Amino acid sequence: MKNGELIGEMIAWEAGEPKRINHFLKVYGFAKAIASREQLSSATMNLVETAAILHDIGIRPALEKHGSSAGALQEEEGETAARDLLTRCGYQDQEFVNRICWLVGHHHSYEEVHDIDHQILIEADFLVNLNEKNAPAEEIQRARDNIFKTFTGKQFLEQIAPSQRQEV
C-alpha cells in the first residue's frame, strides 16, 4: 500500500475530526522533509513516513475507553489500533509492522531515544504541537535544548518559531 492510500484510511479513521486530520498530515510532512534532508535510506524513510501517518491513531480509542487522550493512553491504545489498520490494509512484513506499532506506542516517550526513526517522529510531532498550541518562548527553548537532535529538525524549529529569533 502506498502512503497516499494509508493517508486515505487515516482520514476515514478520523472522519469528522479535521484538527486531528490536519495534525497528522502536518506531522507527516515534517517527518518526510526531515528524513529526506537527513539523507536516510529509503527503508528508514518509509518507516518514518508510515509512523507519522499513524502516530495519533490511539487518540480515538483512548477517548472511547478512558475518556482521555493523554499521551500514555494514546501510546497504549495506538499500538493495537495501528496493527489492526496495517493488517486490514494488507501490510504483511511483520518486522515493518512491528516497528511502526512500536513507534506509534512510543511517540510520547522522549527518554532513551536511540534510533533515528523515533527521533524524527518525535521532532516532527513537536514542530506541529508547539505551533498548534502557540507555545511560549521558554517551552520552545526547552524543546530545542532537550528534544531536538537532528540538524534539520533544529533548523525547522528556528524557522517556524520566529519569535525566538533576534530582531534585526
Side-chain angles (χ1 to χ4, degrees), residues 1-15 17-60 69 71 74-75 78-79 81-110 112-135 140 143-144 146-162 164:
M1 174 175 275
K2 301 281 186 210
N3 284 337
E5 294 165 341
L6 189 59
I7 287 169
E9 292 292 326
M10 272 303 292
I11 289 171
W13 174 266
E14 294 291 5
E17 297 293 340
K19 286 183 181 178
R20 292 203 303 248
I21 292 167
N22 288 325
H23 174 83
F24 88 74
L25 289 170
K26 289 184 277 187
V27 171
Y28 167 72
F30 277 119
K32 182 175 181 149
I34 294 169
S36 176
R37 292 179 62 154
E38 294 293 315
Q39 300 181 335
L40 302 186
S41 70
S42 59
T44 305
M45 282 192 64
N46 191 32
L47 281 168
V48 168
E49 292 173 25
T50 305
I53 294 165
L54 297 174
H55 80 282
D56 275 346
I57 195 169
I59 290 176
R60 193 175 86 195
S69 64
Q74 285 180 42
E75 289 180 333
E79 284 196 51
R83 185 173 306 283
D84 291 347
L85 181 61
L86 290 168
T87 300
R88 188 166 38 88
C89 290
Y91 285 82
Q92 296 177 355
D93 180 341
Q94 285 308 300
E95 187 177 331
F96 180 83
V97 169
N98 290 342
R99 184 63 181 168
I100 296 302
C101 293
W102 187 91
L103 290 166
V104 168
H106 291 84
H107 78 279
H108 286 289
S109 300
Y110 313 130
E112 298 189 38
V113 176
H114 300 292
D115 299 310
I116 193 68
D117 53 0
H118 188 200
Q119 181 64 42
I120 290 173
L121 179 60
I122 288 170
E123 289 181 13
D125 199 24
F126 257 86
L127 286 166
V128 176
N129 285 333
L130 291 169
N131 181 262
E132 286 178 347
K133 71 181 189 177
N134 200 20
I140 293 168
R144 180 184 295 115
N146 300 316
I147 301 297
F148 284 77
K149 305 279 187 272
T150 70
F151 175 82
T152 304
K154 290 176 185 178
Q155 184 179 49
F156 286 172
L157 181 63
E158 291 294 325
Q159 292 168 338
I160 66 169
Q164 296 306 297

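No hydrogens, no waters, no symmetry mates; every other heavy atom, side chains included, goes into these values. For clarity, every value in this text was computed on a predicted model and none was experimentally measured.
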Between Ile120 and Ala31, what is the shortest heavy-atom contact and its length?
CG2-O, 3.8 Å
Heavy-atom closest contact (Leu130 atom, Ala143 atom, distance):
CD1-CB, 4.0 Å
Non-hydrogen side-chain atoms of Glu49 and Leu6 separated by less than 4.5 Å:
no
With a 4.0 Å cut-off, would you call Asp56 and Arg20 a salt bridge?
no
State, with a plain yes or no, whether a side-chain heavy atom of Met10 is found less than 4.5 Å away from one of Tyr28.
no
Heavy-atom nearest pair, Ile57 first then Ala82, reads CG2-N, 3.8 Å
Least distance between heavy atoms, Thr152 atom then Ala33 atom:
CG2-O, 4.5 Å
In terms of the angle between their ring planes, are His106 and Trp102 parallel, tilted or perpendicular, with boundaries placed at 30° and 60°?
parallel
Got a second to check how far Asn146's CG is from Phe126's CZ, nearest 0.5 Å?
9.0 Å
Nearest 0.5 Å, what's the CD1-CD distance between Ile21 and Glu14?
6.5 Å
Glu123 side chain to Thr150 main-chain N or O, any donor-acceptor pair under 3.5 Å?
yes
Rounding to 0.5 Å, atoms NE2 (His108) and CD1 (Ile122) come to a distance of 9.5 Å
Could you tell me which non-hydrogen atom of Ile59 sits nearest to which non-hydrogen atom of Ser69, and how far apart they are?
CG2-CB, 3.9 Å
Would you say the side-chain atoms of Ser36 pair up with the backbone N or O of Lys32, donor to acceptor, closer than 3.5 Å?
no
Heavy-atom check, side chain of Ile160 versus side chain of Phe30, under 4.5 Å:
yes
Nearest 0.5 angstrom please: Arg83 CZ to Leu85 CG, how far?
12.0 Å
Note, Leu40 side chain near Leu47 side chain (heavy atom, < 4.5 Å):
no
Is there side-chain contact between Asn46 and Asn3, with heavy atoms separated by less than 4.5 Å?
yes
Heavy-atom closest pair (Ala35 atom, Val48 atom, distance to 0.1 Å) is CB-CG1, 4.2 Å
For side-chain contact (heavy atoms from CB on, under 4.5 Å), just list the numbers for Leu54 and Leu86, CA-CA rounded to whole Å, side-chain angles, deciding distance to a tenth of an Å, and then say yes or no.
CA-CA 9 Å; Leu54 297 174; Leu86 290 168; 3.7 Å; yes
Gln119 side chain vs Ile147 backbone, donor-acceptor pair below 3.5 Å:
yes
Can you check whether Gln94's main-chain N or O pairs, donor with acceptor, with Asn98's side chain at less than 3.5 Å?
yes
I need the Arg99 CZ to Asp115 CG distance, nearest 0.5 Å.
4.5 Å
Audit row: Gln92, Val97, side-chain contact (heavy atoms from CB on, under 4.5 Å) steps and yes/no:
CA-CA 8 Å; Gln92 296 177 355; Val97 169; over 6 Å; no
Is any side-chain N of the basic residue among Arg88 and Glu9 closer than 4.0 Å to the acidic one's carboxylate O?
yes
Glu132 versus Lys26: any side-chain heavy-atom pair under 4.5 Å?
yes
NZ/Lys154 to NZ/Lys149 distance, rounded to the nearest 0.5 angstrom?
7.5 Å
Tell me, do Phe24 and Val128 make a side-chain contact under 4.5 Å, heavy atoms counted?
no
Note, Ile34 side chain near Leu127 side chain (heavy atom, < 4.5 Å)
yes
